[in-house]
Amino acid sequence: MATNGVDFADVRRRINGLRKPDLMECLERLGMRKSGNKGELQTRLLELFEDSYHLVNSGSVPRDMWRLAAAQRIIEDVDTYMQRIITALAAHPAVTEVEGSL
């Protein structure tokens with residue numbers, strides 16, 4: 001569901017599909033703490049959006065909506081970059097198998 005430029009469902013899907021190093025990169029680019037296991041990193045990113053999602057659903061607009069839009073772009077950038085690498089590796093004749101979680 002896209003609200004004020006942020007597609008919360010897409011963000012959740014992308015966050016859940018990222019590898020730990022990718023989650024750490026997103027958190028670092030957002031200036032957030034990047035230590036912890038994969039689940040903690042996912043939770044930290046998701047919490048950034050969850051609070052705002054509830055505010056938007058109740059009719060309020062978060063004051064830091066620009067930060068959420070920026071965070072969504074960072075997550076999309078990292079996810080898109082990894083998908084390009086996976087696609088390039090899959091097309092390379094020397095690669096016989098490519099895992100989605102490289």
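What you see is a predicted model, and the numbers here were worked out from it, not measured in a lab.
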**Asked** Charged N to carboxylate O under 4.0 angstrom, Asp77 versus Arg73?
**Response** no
**Asked** Is the shortest heavy-atom distance from the side chain of Glu76 to the side chain of Val11 under 4.5 Å?
**Response** no
**Message:** Nearest 0.5 Å, please: how far is SG in Cys26 from CZ in Arg44?
**Reply:** 12.5 Å
**Prompt:** Could you state the interatomic distance from CG (Leu45) to CG (Asn16), rounded to the nearest 0.5 Å?
**Reply:** 10.0 Å
**Prompt:** Do the non-hydrogen side-chain atoms of Arg29 and Val78 ever get within less than 4.5 Å of each other?
**Reply:** yes
**Request:** Answer yes or no: is there a side-chain heavy-atom contact under 4.5 Å between Glu25 and Ile75?
**Result:** no
**Prompt:** Could you walk me through whether Arg33 and Leu41 pass the side-chain contact (heavy atoms from CB on, under 4.5 Å) check?
**Reply:** CA-CA 9 Å; Arg33 191 169 53 89; Leu41 302 180; over 6 Å; no
**Asked** Which pair of heavy atoms, one from Lys34 and one from Glu28, lies closest together, and at what distance?
**Response** NZ-OE1, 3.4 Å
**Asked** Where is the tightest heavy-atom contact between Leu18 and Lys38, given as atom of each residue plus distance?
**Response** O-CE, 3.1 Å
**Asked** Quick one: CG on Leu23 to CD on Glu40, what's the gap to the nearest 0.5 Å?
**Response** 11.5 Å
